[in-house]
**Student:** 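Dropping a structure here in structure tokens format, bear with me for questions.
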2 protein chains.
Amino acid sequence: MKNKNVSMAVIRRLPKYYRYLSELLENDIKRISSKELSKLTDFTASQIRQDLNNFGGFGQQGYGYNVEDLQRELGKILGLDKTYRAVLIGAGNLGQAIANYRGFSDSGFEILGIFDKNPKVTGKKLRDVEVKAMEDMGDFIKENDIEIGIICTPKEGSQEIADTLVESGVTGIWNFAPADLKVPENITVEDVHLNESLFTLSYLLKEKK
Amino acid sequence: MKNKNVSMAVIRRLPKYYRYLSELLENDIKRISSKELSKLTDFTASQIRQDLNNFGGFGQQGYGYNVEDLQRELGKILGLDKTYRAVLIGAGNLGQAIANYRGFSDSGFEILGIFDKNPKVTGKKLRDVEVKAMEDMGDFIKENDIEIGIICTPKEGSQEIADTLVESGVTGIWNFAPADLKVPENITVEDVHLNESLFTLSYLLKEKK
């Protein structure tokens with residue numbers, strides 16, 4: 001079921017719910033009410049019920065939610081019931097951190113290729129994946145049905161990398177470069193702008209003094 | 001001037017404005033109108049003017065904004081005209097990436113201490129800073145007037161790390177652990193939840209199919 005009217009505010013809460021439900025599942029909790037979920041998440045019980053109602057009738061009056069069922073359904077809603085084939089660009093510290101982050105492969109995201117423009121880095125291995133030259137990326141993406149490109153480079157050159165990713169057939173970009181990438185409308189870009197996060201922290205620290 | 005009524009939505013746009021203005025400054029652009037800024041940022045000219053009006057009268061009718069002045073003022077608003085003394089906890093791949101990210105030291109954030117619970121890692125150096133044992137962190141924070149703690153550990157143990165940071169006198173936490181840290185009201189926490197960002201991407205990719 002397509003949910004074109006769900007706001008980004010709701011969408012961004014879903015992974016949090018998924019995280020909490022996964023923890024409850026790990027701890028063998030069988031059921032939970034929206035009130036109890038509210039205490040865990042700091043979202044109101046009413047917000048939680050409203051958010052989840054966008055996607056189906058999961059809870060039951062007087063019972064609450066079945067943890068296993070809800071966690072599984074949220075996983076499907078988040079697209080986590082499939083695997084995603086990805087390439088990573090930029091084998092510096094951040095790229096290495098992302099390539100090595102086990103939490104992603106656990107959730108079905110496979111980094112099948114890593115690319116860097118620095119000849120000193122190509123040929124090295126990150127978690128069994130050999131770093132290749134940028135020139136090889138376009139063909140690699142087409143030959144391996146790559147869906148996601150993870151950009152871990154500086155701002156310089158990031159737009160050109162995005163252009164190559166899109167031309168080669170990638171549909172989603174996870175972008176760590178401090179740039180606003182221009183892409184066609186059918187391409188999804190999710191930004192992680194670390195500088196902006198840090199500057200938000202400094203703003204809030206200043207305001208509290 | 002304290003701005004207690006500025007919403008987080010506005011606050012999170014400020015670092016983007018700062019980034020764009022810094023780029024304009026690098027490119028020797030002297031002035032810019034809200035309309036031109038709107039084309040660069042994808043925010044409407046009216047939104048930009050409203051956002052900036054929260055903090056003072058920067059622009060002039062018919063002239064627009066002076067790039068250098070506005071960039072400098074935004075820098076002050078974001079608290080970037082001072083330095084921040086930080087410690088980092090968790091010297092794994094992500095911690096190393098953050099410790100090595102030059103963009104932060106360029107903006108006045110100094111990582112003075114790095115701590116890890118793994119004895120195999122303590123004693124190593126990340127960018128001239130020696131990794132110390134967790135037991136040394138409390139005293140180090142007090143002796144060095146540390147304001148910010150950067151948590152780059154897994155979820156397990158992150159709350160205890162936050163507790164120690166707060167007890168020792170830290171007022172801001174930049175948190176990469178996939179956890180919602182409980183802290184006193186006067187402590188600021190800024191989360192970077194990479195899993196949640198990635199799951200948002202998978203949700204959006206699924207919706208576009």
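Order of the sequence lines sets the chain letters (A, B, ...), proteins ahead of strands, with each chain counted from 1.
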**Student:** Pair up each side-chain donor or acceptor in residues 68-77 of chain A with any protein partner under 3.5 Å, not counting sequence neighbours, and list the distances.
**Tutor:**
from, atom 1, to, atom 2, distance (Å)
A/Asp69, OD1, A/Arg72, NH2, 3.0
A/Gln71, NE2, A/Ser22, OG, 3.0

**Student:** Does NZ belonging to A/Lys182 count more than 12 external heavy atoms closer than 6.0 Å?
**Tutor:** yes

**Student:** Counting heavy atoms not belonging to A/Lys82, are there more than 12 under 6.0 Å from its NZ?
**Tutor:** yes

**Student:** Only pairs of heavy atoms separated by less than 4.5 Å count here; which of B/Tyr84, B/Tyr18, B/Phe109, B/Tyr101 has the most with chain A?
**Tutor:** B/Phe109

**Student:** Does B/Thr200 reach the main-chain N or O of A/Arg12 with its side chain, forming a donor-acceptor pair under 3.5 Å?
**Tutor:** no

**Student:** Identify which of A/Gln96, A/Lys16, A/Lys155, A/Glu147 forms the greatest number of heavy-atom pairs closer than 4.5 Å to chain B.
**Tutor:** A/Lys16

**Student:** Looking only at heavy atoms, what is the nearest atom pair of B/Asn93 and A/Ala97, with distance?
**Tutor:** CB-CA, 3.5 Å

**Student:** Quick one: pull up CZ in A/Arg19 and NE2 in B/His193 and give me the separation to the nearest 0.5 Å.
**Tutor:** 5.0 Å

**Student:** Counting only non-hydrogen atoms closer than 4.5 Å, does A/Ser107 touch chain B with its backbone (N, CA, C, O), its side chain (CB onward), both, or neither?
**Tutor:** side chain

**Student:** Around A/Lys132, counting heavy atoms of other residues, nucleotides and ligands shown, do more than 12 lie under 6.0 Å from its NZ?
**Tutor:** yes

**Student:** Which residues, numbered in order, of residues 184-192 of chain B come under 4.5 angstrom of chain A by heavy-atom distance?
**Tutor:** B/Glu185, B/Asn186, B/Ile187, B/Thr188, B/Glu190, B/Asp191, B/Val192

**Student:** Suppose we screen for ring pair (Phe, Tyr, Trp, His ring centres under 6.0 Å). Which residues come up paired with A/Tyr65, at least two apart in sequence or across chains?
**Tutor:** none

**Student:** Does anything in residues 156-180 of chain A reach chain B? List residues with heavy atoms under 4.5 Å apart, or say none.
**Tutor:** A/Thr171, A/Gly172, A/Ile173, A/Trp174, A/Phe176, A/Pro178, A/Ala179, A/Asp180

**Student:** Among A/Asn195, A/Leu198, A/Leu201, A/Leu204, who wins on heavy-atom pairs under 4.5 Å with chain B?
**Tutor:** A/Leu198

**Student:** Counting heavy-atom pairs under 4.5 Å to chain B, which of A/Leu94, A/Leu14, A/Leu80 comes out on top?
**Tutor:** A/Leu80

